[in-house]
2 protein chains.
Amino acid sequence: MYSSELIKGTLKTIVLKMLAENKRMYGYEITQKVKDLTGNKIQITEGALYPTLHSLEADGILITETEYIGKRVRKYYSLSKEGQSKSKEKVNEFADFMNTMKFLLEIKPA
Amino acid sequence: MYSSELIKGTLKTIVLKMLAENKRMYGYEITQKVKDLTGNKIQITEGALYPTLHSLEADGILITETEYIGKRVRKYYSLSKEGQSKSKEKVNEFADFMNTMKFLLEIKPA
DNA sequence: TTTTAATACATAAGATTCAGATGTATTTGA
DNA sequence: TCAAATACATCTGAATCTTATGTATTAAAA
């Protein structure tokens with residue numbers, strides 16, 4: 001687990017990337033996928049995730065569909081057309097940022 | 001310039017790295033150095049920098065000395081013993097975080 | 001020569017964003 | 001059967017940053 005401040009500012013990018021890879025996902029699924037892929041190093045809390053999903057939806061970046069799994073409601077999120085380009089844009093920006101930071105912090109390639 | 005949220009959480013790491021490289025620096029100097037090294041891509045605002053410097057000082061990570069340049073006061077910041085290890089620690093943590101993100105976002109090496 | 005830009009410190013108000021706590025309800029597995 | 005996992009979500013508060021503002025000195029340009 002990283003110190004909490006590090007994750008800041010990357011949540012939106014992570015969520016958009018996950019949805020770009022998986023067509024549609026529900027909230028809990030996103031938290032688990034990220035946890036799995038990062039070997040528990042990044043754990044998205046629900047208190048952070050849901051407000052983010054809702055704000056992305058409000059901005060037209062995400063689309064939702066509700067389904068019933070038995071009696072339980074499940075809310076799927078997927079990228080809108082706009083969301084697809086937004087996702088690429090965000091990932092590219094982060095890649096650029098990493099290069100800048102790598103240089104600034106003189107980090108040698110792993 | 002990156003979207004503001006990206007920088008979040010990295011300010012402390014950047015400041016500590018700058019001081020590890022330069023022995024002692026004053027606030028304004030740090031903002032300019034980072035601006036120069038990143039080709040204006042990262043611009044630390046003073047409203048963000050000074051609270052950070054003060055809190056690092058309060059935590060015993062930084063030491064200050066005040067000097068007069070003409071009539072103007074200049075406040076130099078440098079790493080304490082504890083600050084030196086903290087600096088390495090922070091940079092290493094960020095390097096690790098970048099690797100995790102690179103994998104998660106499937107970013108190919110530049 | 002005057003006045004603008006740059007240097008250099010700093011604070012304060014507000015926004016954003018995240019963590020942690022809490023809440024509800026269902027379903028699976030021990 | 002009862003605990004743990006699944007799945008949604010909200011709310012309070014803490015942390016951190018942005019924008020704006022303020023003071024004062026010094027260098028450079030008009």
Side-chain angles (χ1 to χ4, degrees), chain A residues 1-16 18 22 24-36 40-59 61-62 64-77 90 94 97, chain B residues 1-16 18 22 24-36 40-59 61-62 64-77 90 94 97:
Chain A
M1 277 287 286
Y2 302 112
S3 69
S4 69
E5 52 198 56
L6 259 191
I7 319 290
K8 296 198 179 184
T10 61
L11 180 58
K12 221 177 259 181
T13 306
I14 293 173
V15 168
L16 291 175
M18 289 302 109
N22 294 281
R24 64 175 211 172
M25 299 178 89
Y26 49 97
Y28 187 77
E29 191 184 7
I30 295 175
T31 65
Q32 296 310 303
K33 188 84 184 174
V34 171
K35 194 178 158 191
D36 285 356
N40 299 334
K41 283 183 173 178
I42 297 181
Q43 295 192 29
I44 299 176
T45 61
E46 287 158 309
L49 178 65
Y50 287 109
T52 298
L53 287 172
H54 297 159
S55 99
L56 287 171
E57 187 186 3
D59 292 346
I61 309 278
L62 300 186
T64 58
E65 330 161 55
T66 301
E67 273 182 33
Y68 278 86
I69 308 294
K71 281 181 190 168
R72 186 182 289 173
V73 177
R74 182 175 286 173
K75 204 162 163 186
Y76 280 100
Y77 295 86
K90 277 283 183 185
F94 191 79
F97 177 66
Chain B
M1 277 285 285
Y2 301 112
S3 69
S4 69
E5 52 198 60
L6 259 191
I7 320 290
K8 296 196 180 185
T10 61
L11 180 59
K12 219 176 261 180
T13 307
I14 292 172
V15 168
L16 291 175
M18 290 302 108
N22 294 282
R24 64 175 210 171
M25 299 177 88
Y26 49 97
Y28 187 76
E29 191 185 7
I30 296 175
T31 65
Q32 297 309 303
K33 188 84 183 171
V34 171
K35 194 178 157 190
D36 287 355
N40 300 334
K41 282 182 174 179
I42 298 181
Q43 296 192 28
I44 299 177
T45 61
E46 288 159 307
L49 179 64
Y50 287 109
T52 297
L53 287 173
H54 298 160
S55 100
L56 287 170
E57 188 187 1
D59 292 346
I61 309 279
L62 299 185
T64 59
E65 330 161 56
T66 302
E67 273 182 32
Y68 278 87
I69 308 295
K71 281 180 189 167
R72 187 182 288 172
V73 176
R74 182 175 286 172
K75 204 163 164 188
Y76 280 100
Y77 296 85
K90 277 284 182 185
F94 190 80
F97 177 65

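The shown structure was predicted, so the numbers you read here are calculated from the model rather than taken from an experiment. In what follows, chains carry the letters A, B, and so on, assigned in the order in which the sequence lines appear, proteins first and then strands, with residues in each chain numbered from 1. Heavy-atom basis, side chains included; hydrogens, waters and symmetry copies ignored.
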>> Please report the distance, rounded to the nearest Å, between CD in B:Glu65 and C1' in C:dC9.
In response: 17 Å
> Taking CD from B:Glu57 and C1' from C:dA10, how many angstroms apart are they, rounded to a whole number?
Replying inline: 13 Å
>> How many whole angstroms separate atom CD1 of A:Ile30 from atom P of D:dT6?
In response: 15 Å
>> In whole Å, I'd like the distance from the CG atom of B:Leu6 to the P atom of C:dT17.
In response: 12 Å
>> Just the rounded figure in Å: distance from P of C:dA8 to OH of B:Tyr76.
In response: 8 Å
> So how far is it from A:Leu49 CG to A:His54 NE2, rounded to the nearest 0.5 Å?
Replying inline: 8.5 Å
> If you take all heavy atoms of A:Pro51 and A:Ala48, which pair is closest and at what distance?
Replying inline: CD-O, 3.6 Å
> Do you know which two heavy atoms are closest between B:Ile44 and B:Thr31, and how far apart they sit?
Replying inline: O-CG2, 3.6 Å
> Tell me: OH of A:Tyr26 to P of D:dT6, nearest whole Å?
Replying inline: 9 Å
>> Please pick, from C:dA10, C:dT7, C:dT17, the nucleotide with the shortest atom-to-atom distance to any side-chain atom of B:Tyr28.
In response: C:dT7
> Going through the distances and angles, do B:Phe97 and A:Lys41 end up as a side chain to side chain contact (heavy atoms under 4.5 Å, CB included)?
Replying inline: CA-CA 9 Å; B:Phe97 177 65; A:Lys41 283 183 173 178; over 6 Å; no
>> Between B:Leu16 and B:Leu56, is there a side-chain heavy-atom distance shorter than 4.5 Å?
In response: yes
> Could you state the CG-C1' distance from A:Leu11 to D:dT16, rounded to the nearest angstrom?
Replying inline: 16 Å
> Hey, is the side chain of A:Lys75 poking within less than 4.0 Å of OP1 or OP2 on D:dA9, counting only N and O atoms?
Replying inline: yes
>> Check the orientation of A:Tyr76 and A:Tyr26. Use parallel for under 30°, tilted for 30 to 60°, and perpendicular for over 60°.
In response: perpendicular
>> Measuring from the side chain of B:Tyr50 (C-beta onward, heavy atoms only), which nucleotide among D:dT25, D:dT10, C:dT11 has the closest atom?
In response: C:dT11
Output one line per pair: protein atom, nucleotide atom from nucleotides 28-30 of chain C, and distance, for all N/O pairs under 3.5 Å.
none

>> Both A:Ser55 and B:Arg72 contact DNA chain C. Which one's nearest nucleotide lies toward the 5' end?
In response: B:Arg72
>> Without decimals, in angstroms, what is the distance between B:Arg74 CZ and D:dA24 C1'?
In response: 14 Å
> Once you round to the nearest 0.5 Å, how far does CG of B:Leu53 lie from CD1 of B:Ile61?
Replying inline: 12.5 Å
> What is the nucleic acid contact for A:Tyr77, judged by heavy atoms within less than 4.0 Å: base, sugar-phosphate only, or nothing?
Replying inline: sugar-phosphate
> Say you draw a straight line from CD1 of B:Ile30 to CE of B:Met18; how long is it, rounded to the nearest 0.5 Å?
Replying inline: 9.0 Å
> Considering the options B:Lys75, B:Gln32, B:Lys33, which one meets the side chain to side chain contact (heavy atoms under 4.5 Å, CB included) requirement together with B:Met25?
Replying inline: B:Lys33
What does the list of N/O pairs under 3.5 Å between the protein and nucleotides 18-20 of chain D look like, with a distance for each?
from, atom 1, to, atom 2, distance (Å)
D:dT18, OP2, B:Thr45, OG1, 3.2

